[in-house]
Every structure is written in C-alpha cells, then in structure tokens.
Number of protein chains: 2
Amino acid sequence: MQIKQLASFTGVSAKTIRYYEDISLLSKAKRGDNGYRYYDDQDVSLLKFIRRCKELRIPLADIKRLVVVQSSGNDPCKQVDTIIFQQLEKIRIAQYELHQLEQNLKTLANCCKHERIKDCAILKHLRSN
Amino acid sequence: MQIKQLASFTGVSAKTIRYYEDISLLSKAKRGDNGYRYYDDQDVSLLKFIRRCKELRIPLADIKRLVVVQSSGNDPCKQVDTIIFQQLEKIRIAQYELHQLEQNLKTLANCCKHERIKDCAILKHLRSN
DNA sequence: CTTGACATTCCCGTAGCTGGAAGCTTTATT
DNA sequence: AATAAAGCTTCCAGCTACGGGAATGTCAAG
C-alpha cells in the first residue's frame, strides 16, 4: 500500500510518517520504481503501536526504545517497565502543577468586578508586590 | 541598571529579556553610548508582571495583550477577564486529559509481571487490537 | 597591562510536527 | 491525445519560548 493508505489505516498523517522515517523511528520504507514508498501489514501494526504510545504521551525518544527493545525477545522487560513508570510519574507531577495553577487562576478570575482597566482587580493582583 | 541586574531583580534571564525585546513583548530598551541596554524601576515592575503571568502559563501572545491593554485605562476589562477565563478553561481541559492518561498508564503499569520482552504484558497491551 | 566579568549580535537546537513550494507520476475526464 | 486532478517526492520555513555557545566589544580592578 502507499503512504496515504497507511495513514488512513493508522490515523497518522503521511507527513508524520515521513517525519518518523527521517528521525529513524521507522526504518526506511521500500520504494517502487517511481520512488514511492510502499508499506505492508507489519508497518500498519507498528504504526498503530506507536500511535498508542503517543496517546500515552510517551516521548518519541522513548517510543523508539520501546520499538527497538521488541526485537530482543529474551531480555527482561525492565526497560519497558521503567519507561511506563517514568511516564506515570511525569503525568502525576504535571497534575499537581495544574492543580496549583487552577487554584491561582480561580482566585484571580473571582476577583473580577468588571471594572475599567485602570481599576481592574485582576491586573492589580498581577502587578501587586 | 544593566540587563543582568534587571534579570536578578525579576528572575528572568538576560537571554529571555533580549528575546522579549525581539518579539516586542518589551519595547526597545534605551542604549548607552557603548550599546548596552539600560533599565529602570518601571521595567522591573513590568517584567515582574510578565513573570507572574508566565507562572499562570499564559501564552506570551496573551501576555502581550495584557501588557498593551494596561495603557487604555478607561476601557472595560473584558479582555483581561476573557484571557484569564480561557486560561482557566485550558487548564481544566488539560487536567481532564491528564486524569484519563493517568488511569491508562496505571492499568498498563499494573499488568507488568516482570516477564521477558517477548511475554511482556505491557507490550502486548500496546500492540493489542 | 592583563584578567575577568560584563555586554553585544548571530546562529543552531530543542519536540513534534504542519504548511507550502516546486516538481515528479499516475489516474480520470474531456 | 490533451489536460486536469490527485498523489507522490524533496526541501525549507515556522510554530513555543527560550538556552547554548561563538565571536567580539567594553569596563573596572589588580
């Protein structure tokens, strides 16, 4: 199949697929005589795998490691484990930060009395101290 | 004062200050005969204001609008209000997404039985379907 | 007079793409 | 057969918000 079909099967745009090849997340695709890239079912599986990792917001560098590691079948899966746990940790930290942020923004939003700019309580707050 | 002092008063690096001037978030600084930038107390206040907005993760484009709007004292503060509310909304959406993500990652992390790669339950999950 | 701590500009790299230009091939329509 | 539309290719630029580092200039202290 051609690149656009791979794209529609996996939900990853053709542009992105080429980009993944560029950064060697995908290996070089076979080319036809016309220079077009051609793909098969294995490529579909791999890209779907990648897309799922992306949905978990795993960075491409880590996804690459997950892709590579799959060909070393007898090794322990510690690396996989670690990547997932680190990702979970990152998400939890981000959640905490967002929670703090939400509190601050709520306070700020609530102090708005629809004044004019020169009396705006939000701006005063932001300028204070 | 020179740029480094402004930096230390505000917690914004000299590099970043120059960058803000480049993108016109700050107006062009006065220059000495040697070409050095010189700043005063007003610049300190403004940069502190900007830093506070940044802590709320307000995008620079919006911060710019908040900076500009402050010179139109008699206008209503609707713009300010809107920016803060939009920011709050963004944060809430991000929180929701992170919550979903956390659930998915937790499920994935828990299914790890410390197998070898070829039996790894995490990888199986990510490949499934 | 030299050293070190400042300052300047400029360009590259980050992550993960997306958009667009310029130029092929292939397919569909007139 | 000619042409148009769609799909493919490569390459270059731009997005956010800077940080690193090079090459160079300036200023105060020892």
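Sequence lines set the chain letters: A, B, ... in the order given, protein chains first and strands last, and positions in each chain run from 1. If you're wondering where the values come from, they're calculated on a predicted model, not measured in any experiment.
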| note | When rounded to whole Å, the CD1 to P distance for the pair B:Ile17 and C:dC6 reads 14 Å

| said: How many whole angstroms separate atom CG of A:Leu25 from atom P of C:dA15? | reply: 13 Å

| task | Could you tell me the separation between the CZ atom of B:Arg57 and the P atom of D:dT16, rounded to a whole number of Å? | result | 17 Å

| task | Quickly work out the B:Tyr19 OH to C:dC11 C1' distance and round it to whole Å. | result | 15 Å

| request: Report the distance from atom NZ of B:Lys15 to atom P of D:dA22, rounded to the nearest whole Å. | output: 11 Å

| query | Under the criterion side-chain contact (heavy atoms from CB on, under 4.5 Å), which of A:Asp43, A:Ile50, A:Val67 is the partner of A:Leu26? | reply | A:Ile50

| Linking I/L/V/M/F/W/Y whenever any side-chain heavy atoms sit under 4.5 Å apart, do B:Ile83 and B:Ile23 land together? | yes

| Closest heavy-atom contact between B:Pro59 and B:Lys90? | CG-NZ, 3.4 Å

| For the pair made of CD1 in A:Ile50 and P in C:dG16, what is the distance, rounded to whole Å? | 12 Å

| How would you label the contact of B:Lys4 with the nucleic acid (heavy atoms, under 4.0 Å): base, sugar-phosphate, or nothing? | sugar-phosphate

| query | Would one find a side-chain N or O of A:Gln2 under 4.0 angstrom from OP1 or OP2 of D:dG7? | reply | no

| said: Is any side-chain heavy atom of A:Ile17 closer than 4.5 Å to one of A:Tyr39? | reply: yes

| When we call it a touch if two heavy atoms are under 4.0 Å apart, what does A:Ile3 touch: a base, just sugar-phosphate, or nothing? | sugar-phosphate

| remark: Apart from B:Tyr38 itself, its cluster of hydrophobic side chains linked below 4.5 Å comprises B:Tyr36

| message | At less than 4.0 Å, is any side-chain N or O atom of B:Ser13 found next to OP1 or OP2 of D:dG19? Yes or no. | response | yes

| Can you check whether B:Arg65 reaches B:Asp62 side chain to side chain, under 4.5 Å on heavy atoms? | yes

| remark: Here the distance between atom P of D:dC12 and atom CG of A:Asp22, to the nearest Å, is 12 Å

| field | Between C:dC10 (C1') and B:Glu21 (CD): distance, integer Å | value | 15 Å

| task | Return yes if some donor-acceptor pair links the side-chain N/O of B:Arg51 with the main-chain N/O of B:Val12 below 3.5 Å, else return no. | result | no

| said: Can you tell me if B:Thr16 touches the phosphate of D:dG19, counting only side-chain N or O atoms and a distance under 4.0 Å to OP1 or OP2? | reply: yes

| task | Please list residues of residues 27-47 of chain B whose heavy atoms come under 4.0 Å from any atom in DNA chain D, ordered by number; otherwise none. | result | B:Asn34, B:Tyr36

